[in-house]
Colleague: 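One structure is given below, represented as structure tokens, and several questions about it will come after.
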Amino acid sequence: PFGPRLNENSLQKQLQQVEERLIVLNEEMKKNGEKESTKGKKGNVEDDENAENKENNGSSNSSEGGVQNEEEEEEEDDENQRKQQAQADAIMEDLKLRSYYHETLEFVGDLERGIDVMCKLLGSSNNSDVLESIKFFVAAKSFGIQGAEKGLKKMLMLLSCGEAPV
């Protein structure tokens, strides 16, 4: 009763949440990229203005204010790079989660499609087939696989008929 559940509906909801989060993260990355490109254009204009000021004044702009601005810009660039890296990491993590949920849903579908085959094996004349299919249905029920009840009902009929190996 405390084991993991392979409920298809809850897996689909979790997959949808991850995909929505990916959309939001991608939009944020695009916005940040646009801000960086706009900032880069502004920086080039400021560099051109500084060059003109140097030519007009005949000296370089190496005052304390200029050094402070450069340090602040470097810190801001470092902070932006950290934010972008964190967003990229979050996107990669969500891509992995999305892949995991897709594969899990495919696996659950395979298990659900296998229930009919396992029900047929319950009627097999080979005792090991019957015992393995019983183990399958016990596990399927404990994991919450849809359709496992069908096999459990058939299994109960086998138990009531009183065959020795079962």
Colleague: Quick one: CG on Asn26 to CD on Gln87, what's the gap to the nearest 0.5 Å?
Modeller: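 With rounding to 0.5 Å, CG (Asn26) is 9.5 Å from CD (Gln87).
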Colleague: For Glu132, which residues count as a side chain to side chain contact (heavy atoms under 4.5 Å, CB included) partner, sequence neighbours excluded?
Modeller: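 Expected list: Lys135.
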Colleague: Going by the rule side-chain hydrogen bond (donor to acceptor under 3.5 Å, both in side chains), which residues pair with Ser128 if we only count those two or more places apart in sequence or in a different chain?
Modeller: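 Checked Ser128 against side-chain hydrogen bond (donor to acceptor under 3.5 Å, both in side chains); matches are Asn126.
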Colleague: Measure the OG-CG distance between Ser99 and Leu15 for me, rounded to the nearest 0.5 Å.
Modeller: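 Result: 10.0 Å between the selected atoms.
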Colleague: Apply side-chain hydrogen bond (donor to acceptor under 3.5 Å, both in side chains) to Asp78 and list each qualifying residue two or more places apart in sequence or on a separate chain.
Modeller: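 Partners of Asp78 under the side-chain hydrogen bond (donor to acceptor under 3.5 Å, both in side chains) test: none.
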Colleague: Below 3.5 Å, can you tabulate the donor-acceptor pairs from side chains in residues 144-153 to any protein atom, sequence neighbours excluded?
Modeller:
| from | atom 1 | to | atom 2 | distance (Å) |
| --- | --- | --- | --- | --- |
| Glu149 | OE2 | Lys141 | NZ | 3.0 |
| Lys150 | NZ | Asp116 | OD1 | 2.5 |

Colleague: Show the nearest heavy-atom pair for residues Met155 and Val138, with the distance to one decimal.
Modeller: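 Looking at all heavy atoms of both residues, the shortest contact is CE-CG2, 4.4 Å.
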Colleague: Hey, are the side chains of Glu19 and Ile23 touching, using non-hydrogen atoms and a 4.5 Å cut-off?
Modeller: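 The answer is no; the side chains never approach within 4.5 Å.
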Colleague: Are Glu73 and Glu76 close enough, and set up right, to give a side-chain contact (heavy atoms from CB on, under 4.5 Å), and what steps lead you there?
Modeller: CA-CA 5 Å; Glu73 287 177 11; Glu76 189 175 311; 5.5 Å; no
Colleague: So, using side chain to side chain contact (heavy atoms under 4.5 Å, CB included) as the criterion, who are the partners of Phe107 when residues are at least two apart?
Modeller: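 Here the qualifying residues are Leu6, Leu111.
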Colleague: Starting at CD1 of Ile91, measure out to CE of Met29 and round the result to the nearest 0.5 Å.
Modeller: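 So the gap between those two atoms works out to 5.0 Å.
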Colleague: What is the distance from atom CD of Gln12 to atom NE2 of His102, rounded to the nearest 0.5 Å?
Modeller: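 One gets 10.0 Å once the value is rounded to the nearest 0.5 Å.
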Colleague: To the nearest 0.5 Å, tell me how far Gln81 CD sits from Gln85 CD.
Modeller: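 Going from CD on Gln81 over to CD on Gln85, the span is 9.5 Å.
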Colleague: What residues form a side-chain hydrogen bond (donor to acceptor under 3.5 Å, both in side chains) with Ser124, not counting sequence neighbours?
Modeller: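 Ser124 satisfies side-chain hydrogen bond (donor to acceptor under 3.5 Å, both in side chains) with Asp129 only.
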Colleague: Keeping to residues at least two apart or across chains, list the salt bridge (Lys or Arg N to Asp or Glu O under 4.0 Å) pairs with something in residues 102-111.
Modeller: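 Counting only pairs at least two positions apart or across chains, the salt bridge (Lys or Arg N to Asp or Glu O under 4.0 Å) contacts touching residues 102-111 are Asp110-Arg113.
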Colleague: For a quick test of reading the model, state the closest non-hydrogen atom pair linking Phe137 to Leu122 and the distance between them.
Modeller: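 Answer, listing the atom of Phe137 first, then Leu122: CE1-CD1, 3.7 Å.
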Colleague: Please report the interatomic distance CZ(Phe136) to CG(Leu121), rounded to the nearest 0.5 Å.
Modeller: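 One finds 10.0 Å between CZ of Phe136 and CG of Leu121.
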Colleague: Is there any salt bridge (Lys or Arg N to Asp or Glu O under 4.0 Å) pair reaching into residues 82-94, and which pairs are they, with sequence neighbours excluded?
Modeller: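 Listed by first then second residue: Arg21-Asp94, Glu79-Arg82.
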Colleague: Please enumerate all residues that pass side chain to side chain contact (heavy atoms under 4.5 Å, CB included) together with Gln16, with sequence neighbours excluded.
Modeller: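 With neighbours one apart ignored, the set is Glu20.
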Colleague: Flag yes if Val24 and Val18 sit in one hydrophobic cluster, no otherwise; membership is Ile, Leu, Val, Met, Phe, Trp, Tyr, and two members link when side-chain heavy atoms are under 4.5 Å apart.
Modeller: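 Hydrophobic grouping puts Val24 apart from Val18.
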